[in-house]
Amino acid sequence: MESGSYVDQALSFLRDGFNDINQVQGLLIALAATVFMQTWRQLLPIALLAVVVHIGVDLLAPVLASDAAFRLPPLMEGEFWRQVAGLFVGYVIVISVFFFIKSLLLRRPAAAAH
């Protein structure tokens with residue numbers, strides 16, 4: 001396999017994760033996560049929590065909307081874990097952008113501190 005194909009696969013993975021988050025549900029979860037995030041050190045745990053919330057909403061929405069039976073996620077399937085990894089990468093990217101914007105908007109001027 002060429003090194004270019006590895007790069008193509010990585011870019012495809014990042015694009016898929018970002019596309020999963022770039023929907024109303026993902027953006028609302030990322031926005032809420034950004035509100036609770038106080039420092040950059042919290043990025044990975046907050047993104048992981050956002051993935052858990054995303055999967056929970058995906059599982060519970062059909063149950064609450066149409067009295068469908070509750071089903072556990074397919075934990076033993078590789079495709080499920082690839083989707084989870086893609087969601088995680090997507091949330092890391094989107095939450096990073098939102099937190100960067102938040103930190104710019106809420107920055108305190110150094111001269112005003114005195």
Lys102 side chain to Gln38 main-chain N or O, any donor-acceptor pair under 3.5 Å? no
Honestly curious: do Leu75 and Leu59 fall in one hydrophobic cluster under the side-chain, below-4.5 Å linking rule? yes
Would Arg71 and Val63 count as a side-chain contact (heavy atoms from CB on, under 4.5 Å) here? Give the steps. CA-CA 9 Å; Arg71 295 179 184 247; Val63 174; over 6 Å; no
Given the rule that I, L, V, M, F, W and Y join up when any side-chain heavy atoms are under 4.5 Å apart, are Phe36 and Leu28 in one cluster? no
Counting only heavy atoms from other residues, nucleotides and ligands, does the tally under 6.0 Å from CZ of Phe100 exceed 12? no
Mind checking the CH2-OG spacing from Trp40 to Ser96? Nearest 0.5 Å is all I need. 5.0 Å
First locate atom CG of Leu44, then atom CG of Leu49, and finally report the distance between them rounded to the nearest 0.5 Å. 12.5 Å
For Ile95 versus Ala47, what's the shortest heavy-atom pair and its separation? CD1-CA, 4.0 Å
Take atom CZ of Phe70 as the centre, draw a 6.0 Å sphere, and report whether it contains more than 12 heavy atoms from other residues, nucleotides or ligands. yes
Do Val52 and Leu64 sit in one hydrophobic cluster, given that two such residues count as connected whenever their side-chain heavy atoms are within less than 4.5 Å of each other, even indirectly? no
For Glu79, check side chain to side chain contact (heavy atoms under 4.5 Å, CB included) against everything at least two apart and list the hits. Arg82
Residue set satisfying side chain to side chain contact (heavy atoms under 4.5 Å, CB included) with Pro62, at least two apart, ordered chain then number -> Ala68
Do Val35 and Met37 share a hydrophobic cluster (ILVMFWY, side-chain heavy atoms under 4.5 Å, transitive)? no
Derivation and outcome, side-chain contact (heavy atoms from CB on, under 4.5 Å), residues Tyr91 and Leu48: CA-CA 8 Å; Tyr91 274 116; Leu48 184 61; over 6 Å; no
Side-chain heavy-atom pair Ile55, Leu87 within 4.5 angstrom cut-off: yes
Donor-acceptor check, side chain of Glu77 to backbone of Pro74, threshold 3.5 angstrom: yes or no? no
For Leu105, what residues pass the side chain to side chain contact (heavy atoms under 4.5 Å, CB included) criterion, not counting sequence neighbours? Ile101
So, taking the atom named CZ in Phe99 and the one named CG in Leu31, what distance separates them when rounded to the nearest 0.5 Å? 13.0 Å
